[in-house]
Amino acid sequence: QLRLAESGGGLVQPGGSLRLSCAASGYTFRDYAIAWFRQAPGKEREGVACISGGDGTTYYPDSVKGRFTISLDNAKRTLYLQMNNLEPENTADYYCGSKPHLFLRPANDQAMWIMRQPYAYWGEGTKVTVSS
């Protein structure tokens, strides 16, 4: 059974940092695209960082580039999201998701596919609050 479990959320002041973790069980990352999404109250779930389990290529929207970093530890079957210089608008529930990988060309098609839903498998989320 495929399972994802997030941890690491909490309250942080503006400008602070958090590292989220997502432990996976039941499968190996190399056959999947894996991503962090967030959902703020009243808003749609949006992708904030994605990674190809096959080749490790990472993808970020412009809103978080340079501040968020996604990474994989295949031995631990754990996905991470390092978030720096957090802003109040980053307050949301953060979810990790995965879906069987499709390898597309050109590269822009790959980026669009991996950053967008649908994703097949989800964890239950972890809450991040950025506030002073």
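This structure is a prediction, so every number in the text was calculated from the model and none was measured.
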Evaluate the side-chain contact (heavy atoms from CB on, under 4.5 Å) criterion for residues S17 and V12: first the C-alpha distance (whole Å), next the side-chain angles of each, then the deciding distance (0.1 Å), finally the verdict.
-> CA-CA 7 Å; S17 299; V12 62; over 6 Å; no
Which is it for Q110 and T57 under the side-chain contact (heavy atoms from CB on, under 4.5 Å) test, yes or no, and what are the steps along the way?
-> CA-CA 10 Å; Q110 182 75 84; T57 303; over 6 Å; no
Give the intermediate values and the outcome of ring pair (Phe, Tyr, Trp, His ring centres under 6.0 Å) for residues Y60 and F68.
-> CA-CA 8 Å; Y60 304 93; F68 289 14; 8.1 Å; no
Kindly indicate, with the supporting measurements, whether the criterion side-chain contact (heavy atoms from CB on, under 4.5 Å) is fulfilled by S98 and L4.
-> CA-CA 9 Å; S98 67; L4 298 167; 3.9 Å; yes
Assess whether side-chain contact (heavy atoms from CB on, under 4.5 Å) is satisfied between E44 and Q117, documenting all intermediate values.
-> CA-CA 11 Å; E44 293 186 354; Q117 296 205 56; over 6 Å; no
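The same ILVMFWY cluster, assembled from side-chain heavy atoms under 4.5 Å apart, contains both L2 and I34. Y95 and L81 are assigned to two separate hydrophobic clusters, defined by single-linkage of ILVMFWY side chains at heavy-atom distances under 4.5 Å. By the criterion of side-chain heavy atoms lying less than 4.5 angstrom apart, applied directly or through intervening Ile, Leu, Val, Met, Phe, Trp or Tyr residues, L104 is grouped together with Y59 in one hydrophobic cluster. Clustering ILVMFWY residues whenever any of their side-chain heavy atoms sit less than 4.5 angstrom apart, transitively, puts L18 in the very cluster that holds L72.
The backbone N or O of Y80 sits less than 3.5 Å from a side-chain atom of W36, completing a donor-acceptor pair. With hydrogens and angles disregarded, no donor-acceptor distance shorter than 3.5 Å links the side chain of E46 to the backbone of R38. Side-chain atoms of E6 do not come within 3.5 Å of backbone N or O of L20 as any donor-acceptor pair. Counting only distance, with no hydrogens or angles, the side chain of T91 and the backbone of V130 share a donor-acceptor pair below 3.5 Å. Checking side-chain atoms of Y119 against main-chain N and O of I114 turns up a donor-acceptor pair under 3.5 Å. Remark: the backbone N or O of L86 is not paired with any side-chain donor or acceptor of Q13 at under 3.5 angstrom.
The heavy-atom pair separating L102 from W113 by the smallest distance is N-CH2, 3.3 Å. Nearest heavy-atom pair across M115 and P61 is CE-CD, 3.5 Å. Residues T78 and S21 approach most closely at CG2-CB, 4.2 Å, considering heavy atoms. Minimum interatomic distance between A92 and A40 (heavy atoms only, all atoms of both residues): CB-N, 3.8 Å. Across every non-hydrogen atom of L79 and A35, the tightest pair is CD2-O, 4.1 Å. S132 approaches P14 most closely through the heavy-atom pair N-CD, 3.7 Å.
Sequence neighbours left out, the pairs with a member in residues 109-128 that pass salt bridge (Lys or Arg N to Asp or Glu O under 4.0 Å) are D93-K127. Among residue pairs with one or both ends in residues 99-132, none qualify as disulfide bond (SG atoms under 2.5 Å apart); sequence neighbours excluded.
The structure places CZ of R19 at 9.0 Å from OG of S7, a figure rounded to the nearest 0.5 Å. To the nearest 0.5 Å, the span separating SG on C96 from CD1 on I51 amounts to 13.0 Å. From K99, atom NZ reaches atom SG of C50 across 7.5 Å, with rounding to the nearest 0.5 Å.
Under the salt bridge (Lys or Arg N to Asp or Glu O under 4.0 Å) criterion, D55 pairs with no residue, sequence neighbours left out.
With a 4.5 Å cut-off on side-chain heavy atoms, R67 and N90 count as touching.
Applying the 6.0 Å contact sphere to CD of E89 captures more than 12 heavy atoms from other residues, nucleotides or ligands.
Between F103 and H101, the ring planes lie parallel to each other; the angle is under 30°, not in the 30° to 60° tilted range.
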